[in-house]
Amino acid sequence: MKAVNASTTQLKQDLEKLKKNYEEYQKKGLNLNISRGLPCKEQLDLNGEMFHVLDEDNYMAEDGTDCRNYGVMYGLPECTRLFSQLLDIPEENIVLGGESSLNLMYDQFLRYYAFGTLGEKPWSDQAKEHELKWLCPVPGYDCHFNLTEALGFRMINIPLLSTGPDMDMVEKLVANDPAIKGIWCVPQYSNPTGVVYSDETVERLAKMKTAAPDFRIFWDNAYAVHHLYKENIVKDIFKAAKPYGTEDRILYFFSTAKITFAGSGVCLMASGDGTIEETRRLLKLQIFSHDKLNQLRHVKYLKTPENIRNHMKEVAAVLRPRFDLVDRLLTEKRLYEDVYTWFKPDGGYFITVDSYEGCAKKILEMTENAGVKVATAASTYPYHYDPNDSNIRLAPTYPPMEELEEAIKLFCICANIAAIEKVLAERGV
Ligand SMILES: Cc1ncc(COP(=O)(O)O)c(C=O)c1O
């Protein structure tokens, strides 16, 4: 039953009970923060062996390179090979980065700003002539939006459907506007909605005509191997791009941040031949080599694609109970169907909730006033503006189960209160 169909008397009774529950929570003096998608201690502890795979006699790469020294700018060949096999991307189309893929995305933007790409004017020069724009599937990842906002792009919201970005809208926009320089995509278990792009979406992104010759797809495949319940594999965008010659349009990012150690992983960028050649040339201005000891450590620890997949099954076994708990509480504690809806993803790191329209900010304020930071309001939208004031990203991966349970129970109380108060207010009560 929906709250909008319940009687006013019933809703008032519900509200009274809920408010008592809320007051009890306020008295508990909680001080919890479940707002970021960090790996939990048990997940990190799975990698204990990583500290022991290198020692003072064991730092040589397979070709005899001493990994303690400068050199091998584009990444150790055996590390590149491992990820090439895992992701099915040719080794020659991969450049390894440092410890963070977000950092690599930032670098790539700044290269385009400073130098342009493949003969096109630098974006900094183009921005003097007209405002540059960027397509942002929503809800999306706040770090992406923060970056394109800081760089001055006018961000355009694109609804993220169950198949990926609304491609009718994307195709129409990019075909006609050369100021649109790119789109953010998290194709598998998207942050935060958990959507997996359909084959058709991948095909259309690869094929579409763009008015800007330097239009780029930032294909952030951060959760490529992060299955929890079912193994979805997104269509290979490079293979889709090949018949159209659009491989350089794709900047594919991947990292082991949520496989090994967050902030101490290995990341990579893959693209077409032209972009990779250009990136290698420009990288020479920037660095002698990334952390080869870390790359070697990853190869010695992760060993094979199969071993990585098995490791991710162990990670999933740690994370699944957390996702199950959140799903169960959201189901049990919701008083009416329209109080909120949510999506339990097959993988990734988040559960997305849509509250009763116009309630998200209020819910998050209420949880904070009871000592629990659940999420940052509207952070899943560009400019921190959620037009419906309803999307909330839940991050179940980090807190211990007991803390997660406390936080989600409180969240549900607040979501029920906010929705019922809104319904009553809409009735003029
Ligand atoms: C979609 C997405 N991309 C990138 C990152 C950050 O990855 P890294 O640690 O490799 O910078 C995250 C982390 O939450 C993410 O969710």
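Just so you know, ligand 1 is whichever comes first in the structure, and atom 1 is the first atom listed for that ligand. As the structure is a prediction and not an experimental result, all values here were calculated from the model. Numbers here simply count residues along the sequence, with the first being 1.
- Judged as a salt bridge (Lys or Arg N to Asp or Glu O under 4.0 Å), and not counting sequence neighbours, R320 has no contacts.
- Cation-pi geometry between K181 and Y112 is not met: the NZ or CZ atom fails to fall both under 6.0 Å from the ring centre and inside 45° of the normal.
- Taking each heavy atom of K344 and Y229 in turn, the nearest pair found is CE-OH, 3.1 Å.
- Ring-plane geometry between W184 and H144 is classed as parallel, the angle between the planes falling under 30 degrees on a 0 to 90 degree scale with a further cut at 60.
- Side chains of S84 and T80: a donor-acceptor N/O pair is absent below 3.5 angstrom, by distance only.
- Each of S100, S101, L102, Y141, V186, N191, D220, A222, Y223, S255, A257, K258 has a non-hydrogen atom positioned under 4.0 Å from some atom of ligand 1.
- Looking only at atom types and distance, the side chain of E203 has no donor-acceptor partner in the side chain of Y197 under 3.5 Å away.
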